[in-house]
A.B. asks: 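Right, I'll just put the structure down here and ask away after.
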Amino acid sequence: MSLDRTMLAFAGAMVLLSVALTTWVSPYFVWFTVFIGLNLLQSAFTGFCPAAIVFRKLGVKPGTAF
């Protein structure tokens with residue numbers, strides 16, 4: 001799987017996790033969802049994504065976007 005698809009899967013999993021935590025643990029976990037959304041927006045405009053750097057160092061093959 002390429003880095004692009006890995007990042008999409010990771011972002012989707014984090015959004016689902018944050019929604020589950022908001023629902024079953026505490027409503028304050030909604031800020032985790034906000035953080036994920038802001039990170040996705042800034043990476044769309046800047047091309048910088050800390051998670052992509054980590055996955056690249058873990059050996060995930062590069063994709064088109066990252």
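All values derive from a computational prediction rather than experimental measurement.
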A.B. asks: With clusters built from Ile, Leu, Val, Met, Phe, Trp and Tyr whose side-chain heavy atoms come within less than 4.5 Å, directly or transitively, what are the remaining members of the cluster of L41, listed by chain and number?
C.D. replies: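 Listed partners: F45.
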A.B. asks: Which side-chain hydrogen bond (donor to acceptor under 3.5 Å, both in side chains) pairs, counting each pair once, include a residue from residues 36-47, with sequence neighbours left out?
C.D. replies: N39-Q42, Q42-T46
A.B. asks: Let me check something: any side-chain donor-acceptor pairs from residues 51-66 under 3.5 Å, sequence neighbours excluded? List them with distances.
C.D. replies:
none

A.B. asks: Pairs of donor and acceptor atoms involving the side chains of residues 10-25, under 3.5 Å and at least two apart or interchain, shall be tabulated with distances.
C.D. replies:
from, atom 1, to, atom 2, distance (Å)
S18, OG, M14, O, 3.3
S18, OG, V15, O, 2.8
S18, OG, T33, OG1, 2.7
T22, OG1, S18, O, 2.7
T22, OG1, F29, O, 3.4
T22, OG1, V30, N, 3.2
T23, OG1, V19, O, 2.9

A.B. asks: So if you build clusters from Ile, Leu, Val, Met, Phe, Trp, Tyr with side-chain heavy-atom gaps below 4.5 Å, do L8 and I36 land together?
C.D. replies: no
A.B. asks: Taking only residues two or more places apart in sequence or in another chain, which ones pass side-chain hydrogen bond (donor to acceptor under 3.5 Å, both in side chains) with D4?
C.D. replies: none
